[in-house]
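Computed from heavy atoms alone, side chains included, the values below leave out hydrogens, waters and symmetry copies.
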Amino acid sequence: MGKHIKIFDTTLRDGEQTPGVNLNIKEKVLIAKQLELLNVDVIEAGFPVSSDNDFKAVKEIAETLENTTVVALARTVKGDIDSAYAALKNAKKPRLHIFIATSEVHMKYKLNMTKEEVLERTISMTRYAKTLFDEIEFSAEDASRSDPDFLCDIFEKVIEAGATVINIPDTVGYSIPTDYRDFIKYIVDNTKGIEKVDVSVHCHNDLGMAVANSLLGVMGGATQVECAINGLGERAGNAALEEIVMAIETRKSFLDVYTNINTEQIYRTSNLVSSLSSVYIQPNKAIVGANAFLHESGIHQDGILKEKSTYEIITPESVGIKNTSHIVLGKSSGRHAFDSYLKDMNIELTKEELNSTFEKFKELTDRKKDITSKDIEAIVNAKKCFNETFKLKSFQINSGNNIICTAAVQILKGDEILTEVASGEGSIDAAFRAIERTLKMDIKLKDYSIRSVTDGKDALGEVTVKIQGNNDIFVGRDISEDVMEASINAYINAINKMVEEEQ
Ligand code: KIV
Ligand code: ZN
């Protein structure tokens, strides 16, 4: 069976640092619950001192999860550690994650500190943290560009001070896999006391080698891998959890390691994160891309028909992609068929969620003939994770190639009906202007995108809108067979999220 490798998921912390991604608290809790179903060992929920919302999200996740270790990030600063403690104090399994940079370039230009100062600060803050936490992870930021002997020294001393996990990140994705393996091995072989703690790797994807580096890190002696769903993360992202897990699963006898991940929840988790973060997955992405299990060439198709293992090293079912294409739901489908379809797709919902999703499904069957798994995923993911301060009541668009486009909207604010008309350069522009007039707001639109969720003329269109708030970007989404309706709702949803967070 080999050695157990712990999976540390950082989708909600490093993953949320992806440019343009801003998850609200409810969305983070939803993802955290799904990560618990996926059975990750550790969830890094956020950086509590960085914002009020991060603090609240970590606290709520800490109070919600039952079995998973919940981690909060902190610099080696007392205020950060206190804030992490306040956020984590009700967690069943809390862990503090403290970090400080150890490379010459970071110490000199970013921290303006000497090696001795970094060492002293780290030891004193680890000792302080140990008065509050049993589990402490220490990360030497930019470790892969740091002096290995300095790392051995600092790791030995933080272990003495109470650290229980040592993380050796490739912060800027600079490593080459075999060098990284040797680097990890050197540290494991030369740090006194390291056998008492977990050794972790955390690789960024700047040169496209984050997954390879993580696996070689494991071969060098790491016992924990830090990664994010769909490879989300700062710049080019973190190592993709689904790729690491399935590489270990597929080659476990070669690597002589295993993880405890429930691989059948991979597709559902990836889909949920993609939808809530609005970072879409490239079709040829390993494991979860739309093409990952499709065979185009005749020779390949022939091979697959004769014996699947000719061209398939992992089965779609093993990552939770069930072949549901033969089941199509429609107007006559009842509650039972719907529930069992969700079960087949590994979608777990509470009773309330099931009821409201079924209602939406029924509404859709009135307008669309055949409902497929993609439609149902879209309905489930369209769950509103924010207060609906404003709600669309009705809209009317007047558009054509030889006329000025105009839009009239009616928006509900509680029981009050607000209404306005505006003209614009095209129907979307007119509609968005009408909404702004109605709400007396001046909104900065940062991005608008539309894609079809399913095939066919009656496909559901998904619209994503990004607007600029005071400090953050707010993302609104909606799906409908009518793309104007989806666009208007997506805009109002983004405004609702902004109002909720900024009021
Ligand atoms: O990339 C990095 O070094 C980090 C640390 C905070 C672990 O994200
Ligand atoms: Zn990172």
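Checked by atom type, the side-chain pair Thr102/Ser146 shows a donor-acceptor distance below 3.5 Å. In this model, a donor atom of one side chain and an acceptor atom of the other lie less than 3.5 Å apart for Ser487 and Tyr448. Defined by atom type and a distance below 3.5 Å, a donor-acceptor pair is present between the side-chain atoms of Asp14 and His202. Counting only N and O atoms by type, the side chains of Glu141 and Thr171 include no donor and acceptor under 3.5 Å apart. A donor atom on one side chain and an acceptor atom on the other are found under 3.5 Å apart for Ser270 and Asn230. Gln410 and Thr419 share no donor-acceptor pair across their side chains, judged by distance under 3.5 Å alone. No side-chain donor-acceptor contact under 3.5 Å links Asn238 and Asn205. Side-chain contact of Glu420 with Thr438: a donor-acceptor pair under 3.5 Å is absent, judged by distance alone. A donor and an acceptor atom, one from each side chain of Asp9 and Thr11, are located under 3.5 Å apart. Residues Thr269 and Gln34 have side chains that bring a donor and an acceptor to within less than 3.5 angstrom of each other. When only modelled atom types and interatomic distance are considered, Thr68 and Glu36 share a side-chain donor-acceptor pair under 3.5 Å. Counting only N and O atoms by type, the side chains of His204 and Glu234 include no donor and acceptor under 3.5 Å apart.
The two residues Val58 and Pro48 make their nearest non-hydrogen contact at CG2-CG, 4.0 Å.
For the pair Lys497 and Ile467, the minimum side-chain heavy-atom distance is 4.5 Å or more. A 4.5 Å side-chain heavy-atom check between Ser318 and Glu264 finds every atom pair outside the cut-off. Counting heavy atoms from C-beta outward, Leu439 and Leu418 have side chains that approach closer than 4.5 Å. In this structure, the side chains of Ile428 and Met484 come closer than 4.5 Å at one or more pairs of heavy atoms. In this structure the side chain of Leu241 reaches within 4.5 angstrom of the side chain of Leu38, judged on heavy atoms. Between Met345 and Arg268 there is no side-chain heavy-atom pair separated by less than 4.5 Å. Contact annotation: the side chain of Val201 never approaches that of Asn213 to less than 4.5 Å [non-hydrogen atoms, C-beta and beyond]. Under the 4.5 Å side-chain criterion, counting only non-hydrogen atoms from C-beta, Asn24 is in contact with Glu501.
For residues 48-69, the set of pairs meeting the salt bridge (charged side-chain N to carboxylate O under 4.0 Å, His left out) definition, not counting sequence neighbours, comprises Lys28-Asp54, Asp52-Lys56, Lys59-Glu63, Glu66-Lys92. Sorted by first then second residue, the salt bridge (charged side-chain N to carboxylate O under 4.0 Å, His left out) pairs that include residues 157-171, not counting sequence neighbours, are Asp153-Lys157.
Aromatic ring pairs are classed by plane angle as parallel below 30°, tilted from 30° to 60° and perpendicular above 60°; the pair Phe47 and Phe99 is perpendicular.
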Trace of the side chain to side chain donor-acceptor pair (under 3.5 Å) decision for Glu388 with Asn496: CA-CA 6 Å; Glu388 285 189 278; Asn496 277 327; 5.1 Å; no
CA sep, side-chain torsions, deciding dist, call: Leu30, Lys26, side chain to side chain contact (heavy atoms under 4.5 Å, CB included): CA-CA 6 Å; Leu30 209 62; Lys26 287 182 196 143; over 6 Å; no
Working for side chain to side chain contact (heavy atoms under 4.5 Å, CB included), residues Val463 and Val465: CA-CA 7 Å; Val463 174; Val465 165; 4.0 Å; yes
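Residues passing the side-chain hydrogen bond (donor to acceptor under 3.5 Å, both in side chains) test with Arg335 are Asp339, Asn355, sequence neighbours excluded. Taking the ring-ring contact (aromatic ring centres under 6.0 Å, His included) definition, one finds that Phe361 meets it with Phe338, Phe358, sequence neighbours left out. Tyr491 meets the ring-ring contact (aromatic ring centres under 6.0 Å, His included) test with Phe432; sequence neighbours excluded. Applying the side-chain contact (heavy atoms from CB on, under 4.5 Å) test to Ala434 and every residue at least two apart in sequence or in another chain returns Ala407, Val409, Ala422. Taking the salt bridge (Lys or Arg N to Asp or Glu O under 4.0 Å) definition, one finds that Glu481 meets it with Arg367, sequence neighbours left out. In terms of the side-chain hydrogen bond (donor to acceptor under 3.5 Å, both in side chains) criterion, Lys391 has no residue partners (sequence neighbours excluded). Judged as a side-chain hydrogen bond (donor to acceptor under 3.5 Å, both in side chains), and not counting sequence neighbours, the contacts of Thr464 are Tyr280. The ring-ring contact (aromatic ring centres under 6.0 Å, His included) check on Tyr128 picks up nothing, with sequence neighbours excluded. Residues passing the side-chain contact (heavy atoms from CB on, under 4.5 Å) test with Val77 are Arg75, Asp80, Arg121, sequence neighbours excluded. Looking at residues two or more places apart in sequence or on another chain, you find no side-chain hydrogen bond (donor to acceptor under 3.5 Å, both in side chains) involving Asp447.
Between Glu243 and Lys285 a salt bridge is recorded (basic side-chain N to carboxylate O distance below 4.0 Å). With respect to the salt-bridge test (charged N to carboxylate O, under 4.0 angstrom), the residues Lys384 and Glu27 do not qualify.
For the pair Lys3 and Tyr258, the cation does not sit on the ring face, since its NZ or CZ is not both under 6.0 Å from the ring centre and inside 45° of the axis.
Applying side-chain hydrogen bond (donor to acceptor under 3.5 Å, both in side chains) to Lys6 and the options Thr69, Thr223, Asp198, Asp41 leaves one that passes, Asp198.
A side-chain donor-acceptor contact under 3.5 Å links Thr350 to the backbone of Glu353. Listed for the Arg477 side chain is a donor-acceptor partner under 3.5 Å among the backbone atoms of Ser275.
Taking the six-membered ring for Trp and the full ring otherwise, the centers of Phe133 and Tyr85 sit less than 6.0 Å from each other.
When the shell of 6.0 Å around NZ of Lys393 is examined, it contains 12 or fewer heavy atoms from other residues, nucleotides or ligands. For Lys413, the NZ atom counts as loosely surrounded, since its 6.0 Å shell holds 12 or fewer non-hydrogen atoms of other residues, nucleotides or ligands.
Put simply, CD1 on Ile5 and CG on Asn260 are 11.0 Å apart, with the number rounded to the nearest 0.5 Å.
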